[in-house]
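Report on the following structure.
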Amino acid sequence: MKAIILTEPGGVDKLKVAEIPAPVPGDHEVLIQNKAISINPVDTFVRSRQQYVDYVLGEGAKEKPIILGWDVSGVVVDTGKAVTRFKKGDEVFGMVKFKGHGKAYAEYTTAPEDHLALKPANTTHEEAAAATLTALTAWQALVTYARIQKGDKVLIHAAAGGVGHYAVQIAKHFGAFVIGTGSPKNKEFVLGLGADQFIDYTTERFEVVVTDADIVLDSLDEPGRSLAALKKGGRLISILTQFDDALLEQARAKDVYTYRMSVYSDGEQMKAIAGLLAGGELRSHVSETYTFDQIAAAHQSVESGRTRGKIILKP
Ligand SMILES: NC(=O)c1ccc[n+]([C@@H]2O[C@H](COP(=O)([O-])OP(=O)(O)OC[C@H]3O[C@@H](n4cnc5c(N)ncnc54)[C@H](OP(=O)(O)O)[C@@H]3O)[C@@H](O)[C@H]2O)c1
């Protein structure tokens with residue numbers, strides 16, 4: 001099969017298309033013929049530094065070749081002998097083995113059955129591959145950790161990005177008042193996702209505009225400003241910054257719950273996301289699609305930090 005292998009950590013030139021044997025599923029795994037794969041900022045971190053290879057792949061870093069990627073949508077073509085949830089021919093999607101060695105940048109990927117859900121019929125493989133790592137991150141941040149409630153005021157940074165555009169829609173699904181930040185070019189896009197208010201970060205400081213949020217989903221390196229945007233007793237969920245002692249002390253003084261999360265694979269949550277996609281309450285916005293031969297350009301685009309929605313890779 002064709003796969004994109006990482007020859008060594010470094011620049012985009014370290015990603016090479018290679019012909020390697022297709023993987024064989026373990027007892028609890030299925031073999032997926034990938035129809036679409038999505039790319040995340042973490043792919044570019046792992047590509048560029050050995051410390052991220054070790055941190056994200058863990059024991060899997062010893063396996064060679066290293067194949068980046070965790071987000072897939074495709075067709076089940078083989079099943080391990082203990083698999084009960086899926087059969088050959090099923091169309092599935094999910095974030096596979098995160099953290100771990102996901103090996104999604106390939107024509108075929110093996111996946112534990114409990115990392116997957118059936119792809120809704122109204123959702124393309126591109127849209128489904130998109131709604132995996134970033135949709136799970138938005139779900140876990142808002143539902144698992146922030147325990148979002150109807151009527152909550154929720155501030156979502158980078159609302160036009162991969163995580164942000166799902167977070168806006170998920171927060172609206174739960175009946176929140178949603179405020180999204182972005183640059184002016186994304187104003188109509190973010191409001192079109194259902195956000196009630198847009199903050200243009202190029203002209204306004206979000207912590208001046210908002211001082212009474214119940215929840216901030218923080219994907220920026222600005223925890224102090226995010227804390228200032230929260231009301232007493234609010235919830236600050238960070239997907240980027242580790243909080244330092246001074247920040248934690250300030251949060252305690254304000255009775256704010258803080259959590260620095262790391263997304264994890266979860267088939268039950270994938271089912272919830274599939275349900276929202278099927279019901280039309282969640283839509284993926286795919287802004288760019290690349291082939292394996294264009295992987296360098298795809299990574300450069302993600303590294304710009306300015307992409308809208310999701311970036312897709314097609315085998
Ligand atoms: N801890 C975890 O489990 C976890 C999980 C997923 C992601 N992450 C991290 O979370 C971050 C976001 O991930 P992502 O996939 O959503 O990234 P992304 O799709 O690459 O985000 C791009 C978006 O960020 C916006 N943006 C850039 N600077 C901004 C600013 N100062 N204020 C508001 N918006 C800004 C851009 O909008 P404009 O063009 O309008 O500026 C763009 O639409 C990344 O650092 C990623 O590594 C962590």
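Counting starts at 1 for both ligands and their atoms, in listed order. Note that this is a predicted model, so its numbers are computed, not measured.
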Legend entry - Side-chain donor-acceptor contact under 3.5 Å, Y105 with D43: yes
Inset, instruction - Answer yes or no: is there a donor N or O on one side and an acceptor on the other, between the side chain of K87 and the main chain of T84, under 3.5 Å? - result: no
Legend entry - Salt-bridge contact K103-E63 (side-chain N to carboxylate O under 4.0 Å): yes
Legend entry - Carboxylate-amine/guanidinium proximity below 4.0 Å for K2 and E107: no
Inset, instruction - Begin with the C-alpha distance, continue with both residues' side-chain angles, and end with the deciding distance and a verdict on side-chain hydrogen bond (donor to acceptor under 3.5 Å, both in side chains) for Q140 and Y259. - result: CA-CA 11 Å; Q140 290 168 13; Y259 194 77; over 6 Å; no
Inset, instruction - Evaluate the ring planes of H165 and H285, with Trp represented by its six-membered ring, and classify them as parallel (under 30°), tilted (30 to 60°) or perpendicular (over 60°). - result: perpendicular
Legend entry - Within the 4.0 Å heavy-atom sphere of ligand 1, strictly under, residues: P41, F45, L133, T134, T137, A158, A160, G161, G162, V163, T181, G182, S183, K185, N186, Y201, L220, I239, L240, R260, M261, S262, V263, G305, R306, T307
